[in-house]
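These values consider heavy atoms only, across backbone and side chains, with no hydrogens, waters or symmetry-generated copies. FYI, the numbering just counts along the sequence from 1.
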Amino acid sequence: MGITKHLNFDIETKAIGKICKALGHPTRIQIMTLLWKRNNRTCGEIVELIPLAQSTISKHLLELKKANLVSIKNEGKKTIYSIDVDNIEILKKYLTSYLSTIEIAEQNKATVLTTRHRISRNSHLKEHNYQFTHKKIKEAI
């Protein structure tokens with residue numbers, strides 16, 4: 001039986017991972033977009049705008065709640081969902097610092113993002129890529 005390597009990430013890194021995992025589904029991104037446009041919606045109001053079953057939307061809202069991306073408040077029998085801005089700020093801070101390391105090429109500002117790369121210690125090995133002689137090389141037709 002092998003030993004599982006466990007990495008201890010800092011709280012912010014864990015929070016960002018949790019947020020990104022929760023946002024890793026198009027429906028959840030759509031729900032967040034609707035809440036950005038107008039906060040404090042019920043599940044029923046979201047279902048009217050996203051043509052999925054109420055049970056499906058509820059499951060997605062629960063995932064967003066678990067990641068602390070939405071908060072809930074109860075008004076009588078209604079559950080009101082709104083964006084939890086604090087966690088969005090964590091993601092914003094992370095993405096802003098990441099995006100500040102990306103350089104946009106002057107000639108193609110609208111389309112191309114280029115990242116400044118450090119030269120890898122093993123980049124010289126690319127010159128010596130092994131060719132598998134038993135594999136046939138596809139000829140240009």
Side-chain angles (χ1 to χ4, degrees), residues 1-132 134-141:
M1 200 159 88
I3 297 170
T4 306
K5 188 174 184 179
H6 183 74
L7 296 173
N8 284 319
F9 293 108
D10 61 86
I11 293 165
E12 194 176 76
T13 303
K14 283 181 183 173
I16 291 161
K18 200 173 174 184
I19 292 165
C20 290
K21 187 175 181 185
L23 291 175
H25 193 287
T27 301
R28 293 197 279 270
I29 291 173
Q30 220 173 358
I31 290 168
M32 291 298 288
T33 304
L34 289 175
L35 291 173
W36 272 126
K37 288 179 180 174
R38 188 171 64 76
N39 232 348
N40 302 312
R41 294 182 191 257
T42 64
C43 183
E45 288 171 325
I46 294 167
V47 171
E48 282 174 30
L49 297 161
I50 302 173
L52 292 169
Q54 182 147 352
S55 60
T56 304
I57 297 294
S58 288
K59 283 177 189 167
H60 286 301
L61 283 164
L62 181 64
E63 289 303 311
L64 292 169
K65 171 78 182 92
K66 280 192 218 167
N68 299 315
L69 288 170
V70 296
S71 54
I72 57 171
K73 66 177 184 230
N74 295 307
E75 287 180 7
K77 288 184 177 181
K78 286 183 180 178
T79 303
I80 311 293
Y81 295 88
S82 57
I83 286 180
D84 189 329
V85 181
D86 290 348
N87 265 342
I88 297 295
E89 283 298 322
I90 292 171
L91 183 63
K92 183 184 172 187
K93 194 174 105 182
Y94 170 74
L95 290 174
T96 304
S97 66
Y98 168 72
L99 290 171
S100 69
T101 66
I102 292 178
E103 182 182 278
I104 299 171
E106 279 300 314
Q107 66 275 20
N108 292 322
K109 270 200 168 164
T111 55
V112 178
L113 289 180
T114 56
T115 307
R116 281 178 268 180
H117 291 289
R118 286 193 331 234
I119 294 170
S120 163
R121 285 188 309 160
N122 296 331
S123 61
H124 66 281
L125 294 176
K126 287 183 181 160
E127 303 166 24
H128 308 289
N129 278 349
Y130 181 74
Q131 296 296 318
F132 291 94
H134 66 280
K135 292 197 177 192
K136 289 182 181 173
I137 298 167
K138 288 182 184 172
E139 290 179 30
I141 298 170

* Asked: Where do Asn74 and Thr79 land on the side chain to side chain donor-acceptor pair (under 3.5 Å) test, with the steps shown first?
  -> CA-CA 5 Å; Asn74 295 307; Thr79 303; 3.2 Å; yes
Going from [atom1] on [X] to [atom2] on [Y], what distance comes out if it is rounded to the nearest 0.5 angstrom?
X: Met32; Y: Leu64; atom1: CE; atom2: CG; result: 6.0 Å
X: Gln30; Y: Thr33; atom1: CD; atom2: OG1; result: 7.0 Å
X: Lys93; Y: Ile90; atom1: NZ; atom2: CD1; result: 7.5 Å
X: Glu89; Y: Thr96; atom1: CD; atom2: OG1; result: 8.5 Å

Ile19 and Ala67 have their tightest heavy-atom pair at CG1-O, 4.3 Å
Of Leu49, Ile31, Ile80, Leu61, the one forming a side chain to side chain contact (heavy atoms under 4.5 Å, CB included) with Arg41 is Leu49
Given the options Ile88, Ile83, Leu35, Val85, Leu69 meets side chain to side chain contact (heavy atoms under 4.5 Å, CB included) only with Ile88
Do any N or O atoms from the side chain of [X] and from the backbone of [Y] form a donor-acceptor pair under 3.5 angstrom?
X: Asn40; Y: Ser82; answer: no
X: Thr56; Y: Leu52; answer: no
X: Arg28; Y: Leu23; answer: no
X: Glu48; Y: Glu45; answer: no

Across all chains, not counting sequence neighbours, the side-chain hydrogen bond (donor to acceptor under 3.5 Å, both in side chains) partners of Lys21 are none
With heavy-atom distances below 4.5 Å as the criterion, would you say the side chains of [X] and [Y] are in contact?
X: Val47; Y: Ile57; value: yes
X: Asn68; Y: Lys18; value: yes
X: Lys14; Y: Asp10; value: no

Output yes when Lys66 and Glu63 qualify as a salt bridge under the 4.0 Å nitrogen-oxygen rule, no when they do not.
-> yes
In short, ring pair (Phe, Tyr, Trp, His ring centres under 6.0 Å) pairs touching residues 48-91 with sequence neighbours left out are His25-His60
